[in-house]
Chemist: 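Sharing a structure below in structure tokens format, with a few things to ask.
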Amino acid sequence: MISQDMIRLGTSKSVIRELFAYGLQRSQEVGSENVMDFSLGNPSVPAPKEVQDAIIDIVKSNDPMVYHGYSSSQGHNGCRKAVTDNINKRFSTDYTQDDVFMTCGAAASLNIVFKALTSSPDDEIIVLAPYFPEYKVFIEGQGAKMKIVDAKSDMQLNIDGIKEAVGKNTKALLLNSPNNPSGVVYSEKEIKELADFLSKKAKEYGSPIYLISDEPYRELVYTEENIQFIPKYYDNTIICYSWSKSLSLPGERIGYVLVNNRCYDSTAVMAAVGGAARFLGYVCAPTLFQMVIERCVDVKPDLETYRKNRDMLYSGLTKLGYNVAKPGGAFYLFIKSPNGDSEDFSERAKAYDMLVVPGTTFGAKSYVRLSYCVDTQKCEKALPIFEKLMKEFKK
Ligand code: PLP
């Protein structure tokens, strides 16, 4: 019999995709300039010119059998070395290419790591709400349990909640900073507190608790010193990275898993990462893009449009009286619905052709997510709509 779980998954509707489809339909009816679609987290800034130059040069100066061929399972040596050279330079670490496994983006990296770290249906991964909705699909799909801890009201780490949630079945805690959907960068103080607590608990239980750091937005921060490198705080860290957002390459499916070399049993963890990638069919990440990354790993993201949009929207919305989580990175704002009902807010916004995603899908039902990876003009047009909505709520 066909898997009923997979049929359910394949036919259940994504709220985000539905809103996006609705936006396309409305654009045909009223013109795209009149639809403020803040639903998708698709980068609006094109990939840097260095990326295009690298593609052209690779294609012109290499044998197609190389750039269209398989790489080794874990990725080309040159690419993995370029990745670790970049990290070592920036974060004073001493990784080698053997610490990195190239993947098809952060989604593949996460699935690989969940598969590698869990082996029983009782194994738990702690996820901090609000969270990227696919986490549930990935964790449960790999046969483990997802345990949710709500963030504090400022969307920062809820250390007390984490302390209550961690138990003997906790295999790992999943951290995502800058966060999708809130845009919040977790404070260093709280990350250190978390690291201390996890170390203590691991000692008490006599088994490691891993920190899985999901970092597709690591470089998308508005003050450079906010770029966080989690292994600096906690040895048992495994990074899931991708260039989907930082280099605007979501369609190219390229990222990596990095197992911190000070992590407990790091050789075995890396072997399990290789095994999970093999089991899941996520080996040999796209070769052409491994070659592009080898050349472009030091290229910085273009943050100008995102910064302009964030500043305008954050200051505009707070002036209008909205409660907005302080956004330090990514390209999302998490806005509290004035009546605490995000579905209602999203529906009312839709009536003005403004599309924001209800927070229910992210595990925070009173907030809506706004993705400001759009033209700045759309953000300018959105503020008067938010003003009208606020007036409606105050009536
Ligand atoms: N993790 C988070 C927090 C995300 O927001 C996304 C994509 O939006 C992913 C993982 C998946 O990224 P990728 O496109 O690299 O698979």
Side-chain angles (χ1 to χ4, degrees), residues 14-17 19-20 38-45 47 51 75 83 100-115 125-139 141-142 146 148 151 155 157 172-186 211-221 228 230 238-258 276-277 280-282 285-286 289-290 292-293 297 301 306 325 327-334 357 359 361-364 369-374:
S14 149
V15 179
I16 301 173
R17 290 281 158 187
L19 267 177
F20 179 65
F38 299 115
S39 62
L40 273 194
N42 207 9
S44 56
V45 171
V51 169
V83 168
V100 168
F101 195 105
M102 298 306 295
T103 66
C104 311
S109 303
L110 289 163
N111 274 294
I112 288 171
V113 172
F114 298 145
K115 185 77 194 161
I125 309 279
I126 295 183
V127 166
L128 312 172
Y131 53 83
F132 176 53
E134 294 302 284
Y135 288 163
K136 186 173 159 56
V137 177
F138 299 165
I139 293 171
Q142 298 313 329
M146 168 163 131
I148 299 170
M155 297 296 149
L157 288 179
L173 187 142
L174 178 54
L175 204 65
N176 168 227
S177 176
N179 180 263
N180 175 11
S182 73
V184 162
V185 173
Y186 295 139
L211 203 51
I212 304 169
S213 187
D214 178 26
E215 307 187 348
Y217 304 96
R218 182 175 67 210
E219 276 76 28
L220 297 189
V221 286
Q228 290 170 331
I230 305 299
I238 301 167
I239 292 176
C240 295
Y241 187 82
S242 98
W243 286 275
S244 292
K245 316 289 174 167
S246 56
L247 290 185
S248 298
L249 295 173
E252 308 303 349
R253 315 310 299 138
I254 187 79
Y256 62 78
V257 173
L258 180 141
L280 296 167
Y282 287 151
F289 273 83
Q290 289 190 51
V292 170
I293 291 303
V297 73
Y306 300 148
F331 35 55
Y332 306 110
L333 286 177
F334 217 38
V357 185
T361 199
F362 308 105
R369 186 189 77 172
L370 180 155
S371 300
Y372 56 81
C373 40
V374 296

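Ligands are counted one by one from 1 in listed order, and the atoms in each one are counted from 1 as well.
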Chemist: If I apply the N/O under 3.5 Å rule, does Asn180 come out as touching ligand 1?
Modeler: yes
Chemist: May I ask you to identify the nearest protein heavy atom to atom 1 (N) of ligand 1, giving residue, atom name and distance to one decimal place in Å?
Modeler: Asp214 OD2, 2.6 Å
Chemist: At their closest point, which heavy atom of Ser39 faces which heavy atom of Leu19, and how far apart are they?
Modeler: CB-CB, 4.0 Å
Chemist: Would you mind running through ligand 1 and noting each atom that sits below 4.0 Å from a heavy atom of Lys245?
Modeler: 7 (C), 8 (O)
Chemist: Is the backbone N or O of Ala285 less than 3.5 Å from a side-chain atom of Gln290, with the two atoms forming a donor-acceptor pair by type?
Modeler: yes
Chemist: Donor-acceptor pair, Lys115 side chain versus Gly141 backbone, under 3.5 Å?
Modeler: no
Chemist: What atoms of ligand 1 come within less than 4.0 Å of a heavy atom belonging to Asn176?
Modeler: 3 (C)
Chemist: Taking atom CG of Leu247 and atom CD1 of Ile293, what is their separation to the nearest 0.5 Å?
Modeler: 5.5 Å
Chemist: Relative to the heavy atoms of Ala107, which atoms of ligand 1 are at a distance of less than 4.0 Å?
Modeler: 11 (C), 13 (P), 16 (O)
Chemist: Could you tell me if any non-hydrogen atom of Pro216 lies under 4.0 Å from any atom of ligand 1?
Modeler: yes
Chemist: Can you report which non-hydrogen protein atom sits closest to atom 16 (O) of ligand 1, along with the distance?
Modeler: Arg253 NH2, 2.7 Å
Chemist: I'd like a table of donor-acceptor pairs (distance under 3.5 Å, sequence neighbours excluded) in which one partner is a side-chain atom from residues 131-139, with atom names and distances.
Modeler:
{"from": "Tyr135", "atom 1": "OH", "to": "Asp214", "atom 2": "OD2", "distance (Å)": "2.5"}
{"from": "Lys136", "atom 1": "NZ", "to": "Glu140", "atom 2": "OE1", "distance (Å)": "3.3"}
{"from": "Lys136", "atom 1": "NZ", "to": "Glu140", "atom 2": "OE2", "distance (Å)": "2.9"}

Chemist: Please check this pair: side chain of Ser371 against backbone of Leu40, looking for a donor-acceptor N/O pair closer than 3.5 Å.
Modeler: yes
Chemist: Tyr332 pairs by ring-ring contact (aromatic ring centres under 6.0 Å, His included) with which of Tyr372, Tyr217, Phe362?
Modeler: Tyr217
Chemist: Has Ser177 got a side-chain atom pairing as donor or acceptor with Asn179's backbone, closer than 3.5 angstrom?
Modeler: no
Chemist: Should you measure from each heavy atom of Ser242, which atoms of ligand 1 turn up under 4.0 Å away?
Modeler: 15 (O)
Chemist: Any N/O of Pro250 closer than 3.5 Å to an N/O of ligand 1?
Modeler: no
Chemist: Looking at atom 12 (O) of ligand 1, what's its closest protein heavy atom, distance included?
Modeler: Ala106 CB, 3.6 Å
Chemist: Closer than 4.0 angstrom: is that true for some heavy atom of Tyr135 and an atom of ligand 1?
Modeler: yes
Chemist: Report yes or no: does a heavy atom of Tyr131 sit under 4.0 Å from some atom of ligand 1?
Modeler: no
Chemist: Pairing donors with acceptors under 3.5 angstrom, does anything connect the side chains of Tyr256 and Ser242?
Modeler: no
Chemist: Of all the atoms in ligand 1, which lie at a distance below 4.0 Å from a heavy atom belonging to Ser244?
Modeler: 13 (P), 14 (O), 15 (O)
Chemist: Can you tell if the side chain of Pro43 reaches within under 4.5 Å of the side chain of Tyr306, non-hydrogen atoms only?
Modeler: yes
Chemist: Within a distance under 4.0 Å of any heavy atom of Tyr217, pick out the atoms of ligand 1 and give their elements.
Modeler: 3 (C), 4 (C), 5 (O), 8 (O)
Chemist: Under 4.0 Å from a heavy atom of Gly105: which atoms of ligand 1 are those, numbered in the order shown and with their elements?
Modeler: 15 (O), 16 (O)
Chemist: For atom 6 (C) of ligand 1, what's the nearest protein heavy-atom neighbour? Residue, atom name and distance, please.
Modeler: Phe132 CZ, 3.5 Å
